[in-house]
There are 2 protein chains.
Amino acid sequence: MFELDLRSGKPIYEQIVDKFKELIINQVLETDEKLPSVRELAQQLTINPNTIQKAYRELENQELIYSVKGRGSFVNAISAQVDPQKVKHMQEELKKLLTEALFVGVTADEIRSVVENLLQNGGGSDA
Amino acid sequence: MFELDLRSGKPIYEQIVDKFKELIINQVLETDEKLPSVRELAQQLTINPNTIQKAYRELENQELIYSVKGRGSFVNAISAQVDPQKVKHMQEELKKLLTEALFVGVTADEIRSVVENLLQNGGGSDA
DNA sequence: TAACTGTATTAGTTATAATAGTACACTTGA
DNA sequence: TCAAGTGTACTATTATAACTAATACAGTTA
């Protein structure tokens, strides 16, 4: 399904969370699509099932997936409700990142280009 | 100088790095301006001097400050040279963040507004 | 020279990440 | 019904990282 970097220093469970987050946000995984079981994915990645469980729990906390005992874990529907707190947080993150981007030399035009590309594609599928 | 959140889970030295990074990028601290000494800041924040040292070392690695034995630590000049690797990295980060922003419900217009605000102010001073 | 600066080293404590093994409750399909 | 697969919970153990602490050394400045 994907690869892990065991030497990156980044916790394995975080890497798993990030991968799924990316797949879900980009709608590579569709709503109600089943994720690999805890044990199955653990075997594939040759890591401990508890590590997968921790990742799935985190994804559930972020409301990206839902889990049903005995059945499995599934991709959540994209929330129709906008969380004002999340929105505000993202705006602040955006400001920070844009400021830093300008600092390291990304030009205003490059930024506009990146932004318009994404906005016109509606944020769907591949980057 | 600023406050720490000792319960945030985020390492103290990272918080310090982030604060200074913000101050430097936003040019609140000017080129060659002196940072508080390791011991002084440690006393102000009532934490260990080694933690400050770790933060300063990290800032030096990121080329945001330079340190001179016996004199102190100072804000680096903004690099005139553009690092293509950093630029590419920032563009990718920007894509990721924008995709996530759209996902949580930040509208395209809000994004454009945030972007234009920053671009027109040249990324200077306060957010 | 005294007082300040950054830097280095060693040690110890605490918290987190990850592994390992086991157990329980639920769902599904043969 | 029941076996196999599912999520979940718990305890224990090891390894690593973060942080504190104390001390020492080297350079700068007035």
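Proteins come first, then strands; the chains are lettered A, B, ... in the order of their sequence lines, and each starts at number 1.
If you measure from atom NZ of A:Lys34 to atom C1' of C:dT27, you get 11 Å, rounded to the nearest angstrom. For B:Glu60 and C:dT7, the CD to C1' distance is 10 Å, given to the nearest whole Å.
Between A:Tyr13 and B:Ser73, the one whose closest nucleotide on DNA chain C sits nearer the 5' end is B:Ser73.
Two residues are said to be in side-chain contact when any heavy atoms from C-beta on lie closer than 4.5 Å; A:Phe20 and A:Ile65 fail this criterion. Counting only heavy atoms from C-beta outward, the side chains of A:Glu93 and A:His89 approach each other to under 4.5 Å. B:Ile52 places a side-chain heavy atom less than 4.5 Å from the side chain of B:Leu45. Residues B:Lys10 and B:Asp5 fail the side-chain proximity criterion, which asks for heavy atoms closer than 4.5 Å. Side-chain contact between B:Ile16 and B:Ile12: present, with at least one pair of heavy atoms (C-beta onward) separated by less than 4.5 Å.
Residues from residues 38-55 of chain A lying near DNA chain D, meaning a heavy-atom separation below 4.0 Å, are A:Val38, A:Arg39, A:Asn50, A:Gln53 in numerical order.
The side chain to side chain contact (heavy atoms under 4.5 Å, CB included) search around B:Arg71 returns B:Val68, B:Phe74, not counting sequence neighbours.
An angle of 30°, rounded to 10°, separates the two end axes of the helix from C:dT1-D:dA30 to C:dA30-D:dT1, each defined over five pairs.
Electrostatic pairing of A:Lys21 and B:Glu100 counts as a salt bridge here, judged by a charged N lying under 4.0 Å from a carboxylate O.
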Distance-only criterion, 3.5 Å: show the donor-acceptor pairs between side-chain atoms of residues 30-43 of chain B and protein atoms not counting sequence neighbours.
unit_1, atom_1, unit_2, atom_2, d
B:Asp32, OD1, B:Tyr66, OH, 2.6
B:Glu33, OE1, B:Glu30, N, 2.8
B:Ser37, OG, B:Glu40, N, 3.0

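When all heavy atoms of B:Thr107 and B:Glu110 are compared, the pair lying nearest together is N-OE1, 2.9 Å. Between B:Val114 and A:Lys95, the shortest heavy-atom contact is CG1-CG, 3.9 Å.
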Short N/O separations, protein against nucleotides 28-30 of chain C, under 3.5 angstrom:
unit_1, atom_1, unit_2, atom_2, d
C:dT28, OP1, A:Arg71, NE, 3.0

Apply salt bridge (Lys or Arg N to Asp or Glu O under 4.0 Å) to B:Asp109 and B:Arg112, showing your working. CA-CA 5 Å; B:Asp109 278 348; B:Arg112 287 199 186 89; 3.2 Å; yes
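Residues A:Glu63 and A:Ser79 bring no donor and acceptor atom of their side chains to less than 3.5 Å of each other.
If you walk DNA chain D from 5' to 3' and mark each nucleotide with an atom closer than 4.0 Å to a heavy atom of chain B, the marks span D:dA18 to D:dT29.
Under the 3.5 Å distance criterion, the side-chain polar atoms of A:Asn26 are left unmatched by any main-chain donor or acceptor of A:Val28.
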